[in-house]
There are 2 protein chains.
Amino acid sequence: MSRPKSSVTILDVARLAGVSPASVSKVLNDRPGVSKKTRSAVLDAIEKLNYQTNHIARSLRMNRSFSVGVITDDIEGVFTTTLVRGIEDSVREWGINVFLCNSYGKVELERDNIEALLAKQVDGLILMNGFKVTGRGLPAAPTGHIPVVYLYQYSDSPTIPAVIPDDVQGARLAVEHLTSLGHRRIGVVGGPLNYEAVNKRLEGYRQVLDEQGIAFDPHLVLFGEWTQAEGYRLTRQLLELPEPPTAIFTMSDLTAIGVAHAIVEKGLRIPVDISLTGFDNRFFSRNQLPPLTTVELPLYEMGKKAGELLHASIAGEAPPPQRHVIPCRLVLRESTAPPRK
Amino acid sequence: MSRPKSSVTILDVARLAGVSPASVSKVLNDRPGVSKKTRSAVLDAIEKLNYQTNHIARSLRMNRSFSVGVITDDIEGVFTTTLVRGIEDSVREWGINVFLCNSYGKVELERDNIEALLAKQVDGLILMNGFKVTGRGLPAAPTGHIPVVYLYQYSDSPTIPAVIPDDVQGARLAVEHLTSLGHRRIGVVGGPLNYEAVNKRLEGYRQVLDEQGIAFDPHLVLFGEWTQAEGYRLTRQLLELPEPPTAIFTMSDLTAIGVAHAIVEKGLRIPVDISLTGFDNRFFSRNQLPPLTTVELPLYEMGKKAGELLHASIAGEAPPPQRHVIPCRLVLRESTAPPRK
DNA sequence: TTGAAAGCGCTACCAG
DNA sequence: CTGGTAGCGCTTTCAA
């Protein structure tokens with residue numbers, strides 16, 4: 001059960017260098033007040049002994065663990081790993097490691113995870129969500145005095161900053177692209193209306209319409225589940241309109257597959273007869289026939305931002321507790337073209 | 001920089017309960033040698049003060065951090081998160097948390113990560129891989145005395161146990177299903193031959209052929225990249241054979257999409273004219289037309305097993321340093337049927 | 001500039 | 001069964 005304690009300590013280094021442990025510590029932490037001579041002696045000894053800091057001891061003393069916790073509702077969610085990669089890349093620069101926990105979206109598990117992470121003395125917490133419907137209030141357990149940030153998750157709490165994609169701007173990107181091509185009748189195949197993201201994207205759509213002087217036609221915008229089947233169903237509806245759209249703005253790449261099926265089935269061609277845009281830039285969208293023009297979510301950047309925010313809070317710089325909105329990017333492929341005359 | 005140390009310690013508990021810190025510790029750790037009375041007094045005090053163990057202090061004292069490190073080559077790999085979920089679920093039972101690190105497949109980064117994790121005094125390490133070509137030797141940095149296990153990664157090191165899927169058995173599942181349906185000419189669209197998994201799956205294929213008294217026809221088995229395009233290309237080749245196969249065993253679901261394209265393009269129907277099986281059970285395989293019969297990789301179970309193995313090693317039960325092969329599962333859908341007579 | 005010493009919160013030994 | 005106490009490896013204060 002107990003493990004060998006072979007490791008060399010700061011004391012060993014001090015002895016070899018002929019100085020005190022205090023000086024070694026100063027060198028290790030780049031603190032002032034140590035002579036060139038002492039410094040190099042210490043460095044030599046560290047090298048010679050292959051000394052490695054024991055972070056546990058340091059953590060106990062400093063009351064700071066140099067680790068943060070990340071709790072996700074859905075570790076297998078399609079957006080999760082890119083977000084985590086961003087977090088990891090940003091905090092690693094500060095010598096911080098991340099504990100990853102999965103809560104399966106269960107409150108009790110989130111509570112257990114928070115408590116476990118707190119006991120491990122994490123310096124901060126990121127609560128993350130693949131695709132959450134609406135904003136959320138406080139975490140499932142009190143998080144004490146450590147900073148918390150929400151990632152891909154609207155925050156209802158005034159004290160907790162949230163990092164989210166700019167859904168309004170993302171939608172604008174797609175719709176502006178379509179209008180600039182000359183489209184005036186642009187259909188919308190959206191997700192469920194109880195998603196904040198769906199409302200934001202709708203807002204972006206309407207903004208562009210307004211700016212272009214295009215009247216909003218409610219028959220042209222339909223909402224439903226985030227599925228292929230739903231995309232198919234809604235699109236059939238759209239195509240049966242007396243005056244069908246010449247382009248369709250879809251709010252998810254997965255749904256867009258169903259949209260494409262319905263279009264093709266109707267004997268129409270993409271993009272000649274009808275243009276199509278997706279959202280998310282999932283891996284398969286480049287392999288669609290034709291390759292799908294879509295809006296890329298800034299997942300990696302969001303993860304990085306969340307890490308930076310958390311680090312800033314840990315370092316004491318209170319970040320403005322607000323929404324941090326990260327812009328999306330348009331990925332042009334071959335599913336869009338000017339409308340037929 | 002320094003944070004408030006509001007936390008209540010074991011000493012506070014001891015004082016309130018009117019006992020010694022030693023007794024509190026015993027209660028906390030379920031150690032024998034404490035009377036019912038003392039025990040309940042302690043429990044009361046813990047409750048009253050809302051005491052939370054400081055794991056850092058405990059770790060320093062016990063030389064054991066109750067955390068393990070997981071290093072992955074590719075955090076965004078399609079198999080990664082399910083593996084991690086398995087690990088997490090298994091080690092959580094033991095009060096262990098996981099540090100997740102991404103090495104991008106770079107040796108230097110793996111080394112840095114190992115060193116950082118060692119400094120954090122992790123109790124063990126799991127090195128994980130999405131889809132690695134062949135076996136690997138030692139980790140990129142010495143791991144000291146802590147146990148290491150490879151996950152989804154063949155091991156060339158006699159001292160490091162590896163958890164891998166049973167590719168032979170998985171292939172057998174698919175091919176036996178096909179032969180039991182009556183197929184005798186079964187084509188193979190495989191991945192690159194330098195992958196261990198590809199060779200194993202080929203072995204499974206040949207085993208079943210042998211058992212069924214079907215002659216191995218080298219013209220029927222083709223290998224190439226793990227892509228859709230390659231599946232398409234190889235299948236066209238297969239279909240131009242003087243005596244084309246009545247079924248195709250594909251070694252990845254992604255490739256199978258290309259295979260299906262080639263079949264349909266040729267005017268053949270799945271499964272009426274030709275049966276098709278995939279491998280991996282990726283999320284999209286159920287949405288193929290027709291839904292794809294495929295072999296599911298036991299990713300979650302593999303993660304669990306790796307966690308268990310690691311925990312056993314940490315607890316001192318030296319695990320047999322060998323391959324731990326986890327069986328696959330056949331997912332029957334609609335892309336397979338008896339051959340036409 | 002240096003180092004002696006006091007702990008951080010906990011566990012484990014050992015004497016009562 | 002109980003509790004006093006040493007000490008895990010480190011940082012930090014403070015006096016020299």
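Residue numbering restarts at 1 for every chain, and letters A, B, ... go by the order of the sequence lines. Quick caveat: nothing in here was measured; it's all calculated off a predicted structure. Basis for what follows: all heavy atoms, side chains included, without hydrogens, waters or symmetry-related copies.
Sorted by first then second residue, the salt bridge (charged side-chain N to carboxylate O under 4.0 Å, His left out) pairs that include residues 10-20 of chain A, not counting sequence neighbours, are A:D12-A:R15. For the side-chain hydrogen bond (donor to acceptor under 3.5 Å, both in side chains) condition, the pairs that include at least one residue of residues 108-120 of chain A, sequence neighbours left out, are A:E110-A:R136, A:K120-B:N97. Within the structure, every pair that satisfies the salt bridge (charged side-chain N to carboxylate O under 4.0 Å, His left out) test and touches residues 88-99 of chain A, not counting sequence neighbours, is listed here: A:E88-A:R92, A:D89-A:R92. Contacts classified as salt bridge (charged side-chain N to carboxylate O under 4.0 Å, His left out) and involving residues 94-103 of chain B (residues at least two apart or in different chains) are not found.
Close to C:dG9, at under 4.0 Å from its OP1 or OP2, lies no side-chain N or O of B:T9. Considering only side-chain N and O atoms, B:S59 lies nowhere under 4.0 angstrom from the phosphate OP1 or OP2 of C:dC10. Between B:R58 and the phosphate of C:dG9, there is no side-chain N or O to OP1/OP2 separation shorter than 4.0 Å.
The line from CD1 of A:I126 to CD1 of A:I71 is 10.5 Å long, rounded to the nearest 0.5 Å.
Straight-line distance from the CD1 atom of B:I10 to the P atom of D:dG3: 13 Å, rounded to whole Å. The separation between B:L28 atom CG and C:dT11 atom C1' is 10 Å, rounded to whole Å. Atom CG in B:L11 sits roughly 9 Å away from atom P in C:dG9 (whole-Å rounding). Atom CG of B:L60 and atom P of C:dG7 are 17 Å apart (whole Å). Taking atom CZ of residue A:R15 and atom P of nucleotide C:dA4, one finds them 12 Å apart after rounding to whole Å. As a whole-Å value, the separation of A:Q121 CD from D:dC10 P is 18 Å. The nearest whole Å value for the distance from the NZ atom in B:K120 to the P atom in D:dC8 is 23 Å. Across the protein-nucleic acid pair, A:I56 atom CD1 and D:dC8 atom P stand 16 Å apart, rounded to whole Å.
In this model, no donor atom of one side chain and acceptor atom of the other lie less than 3.5 Å apart for B:S90 and B:E308.
Here the nucleotide nearest the side chain of A:S20, chosen from C:dG9, C:dC10, C:dG3, is C:dG3. Which of C:dT1, D:dG9, D:dT2 sits closest to the side chain of B:S35 comes down to D:dT2.
In terms of position along DNA chain D, the nucleotide closest to B:G33 lies nearer the 5' end than the nucleotide closest to the other residue of the pair B:G33 and A:T53.
Comment: A:R85 does not engage B:D74 in a salt bridge, judged by the lack of any side-chain N to carboxylate O separation of less than 4.0 angstrom. Between A:D44 and A:R39 there is no salt bridge, since no side-chain N of the basic residue sits under 4.0 Å from a carboxylate O of the acidic one.
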Please write out the pairs of protein N or O atoms and N or O atoms of nucleotides 12-16 of chain D separated by less than 3.5 Å, giving the distance to one decimal.
residue : atom : partner : partner atom : Å
D:dT12  : OP2  : A:R31   : NE           : 3.4
D:dT12  : OP2  : A:R31   : NH2          : 3.0
D:dT12  : O4'  : A:R61   : NH2          : 3.3

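Residue-level contact check: B:V19 touches the backbone only, with heavy atoms under 4.0 Å from sugar-phosphate atoms and none from bases. Residue A:T38 is classed as a sugar-phosphate contact, given heavy-atom separations below 4.0 Å to backbone atoms only.
For the helix from C:dT1-D:dA16 to C:dG16-D:dC1, the terminal axes (five pairs an end, C1' atoms, rotation from four pairs onto the next four) enclose an angle of 40°, given to 10 degrees.
Cation-pi geometry between A:R58 and A:F66 is satisfied (NZ or CZ under 6.0 Å from the ring centre, within 45° of the ring normal).
A 6.0 Å sphere centred on NZ of A:K305 holds no more than 12 heavy atoms belonging to other residues, nucleotides or ligands.
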